[in-house]
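Read through the structure below, which is laid out as structure tokens, and then see the notes.
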Amino acid sequence: MTGMTKYAVFGRRNEGDDTLHLGTVSAHSDRLAKTYAYNTYDEEDWNYLAVVREEDLLEVEHGNVRREVPQ
């Protein structure tokens, strides 16, 4: 599966609900990732569904979080 990118999938059932991590999909493009997420997680009537490239997720490690001071 050369050229595939892994995406985290998030969804929310109703406006105002918490956004939940539903799982992951792999795709060759953002457009395909959205299609795969919709088709894979369509068992619910989601109010909101989103994909995020896993490479764009920011890991928060205990003890290594620094606050940015606005300039």
Side-chain angles (χ1 to χ4, degrees):
M1 288 203 268
T2 306
M4 297 286 268
T5 300
K6 194 170 183 181
Y7 296 80
V9 181
F10 299 89
R12 180 176 57 224
R13 287 188 183 96
N14 300 298
E15 191 168 336
D17 287 353
D18 290 338
T19 302
L20 307 170
H21 179 251
L22 306 177
T24 62
V25 295
S26 294
H28 289 289
S29 69
D30 293 350
R31 183 183 62 79
L32 283 174
K34 291 190 277 185
T35 300
Y36 295 162
Y38 179 82
N39 290 329
T40 301
Y41 299 98
D42 68 344
E43 72 278 357
E44 297 286 339
D45 187 19
W46 300 107
N47 167 267
Y48 173 79
L49 197 61
V51 293
V52 178
R53 287 182 209 98
E54 281 207 338
E55 65 194 39
D56 292 334
L57 293 174
L58 303 176
E59 182 178 354
V60 178
E61 296 179 26
H62 181 70
N64 290 335
V65 179
R66 293 187 350 191
R67 293 186 181 192
E68 299 286 330
V69 178
Q71 299 284 329

For D42, does the CG atom sit with more than 12 other heavy atoms under 6.0 Å from it, leaving out its own atoms?
yes

Between atom CD of E15 and atom CG of N47, what is the distance when rounded to the nearest 0.5 Å?
5.5 Å

Closest non-hydrogen atom pair, A8 against E54
N-CG, 4.0 Å

Partner set under salt bridge (Lys or Arg N to Asp or Glu O under 4.0 Å) for D17, not counting sequence neighbours
none

Apart from V51 itself, what residues make up its hydrophobic cluster when side-chain heavy atoms of I, L, V, M, F, W and Y under 4.5 Å apart count as a link, directly or indirectly?
Y7, V9, L20, L22, V25, L32, Y36, Y38, Y41, W46, L49

Among all residues two or more places apart in sequence or in another chain, which pass the salt bridge (Lys or Arg N to Asp or Glu O under 4.0 Å) test with R53?
D30, D56

With E44 via salt bridge (Lys or Arg N to Asp or Glu O under 4.0 Å) - residues at least two apart:
R13

If you draw a 6.0 Å radius around CD in E55, do more than 12 non-hydrogen atoms from other residues or ligands fall strictly inside?
yes

Could you list who else is in L57's hydrophobic cluster, with ILVMFWY side chains joined at under 4.5 Å, directly or through other members?
F10, V52

List the atom of A27, the atom of A33, and the distance in Å for their closest heavy-atom pair.
CB-N, 3.5 Å

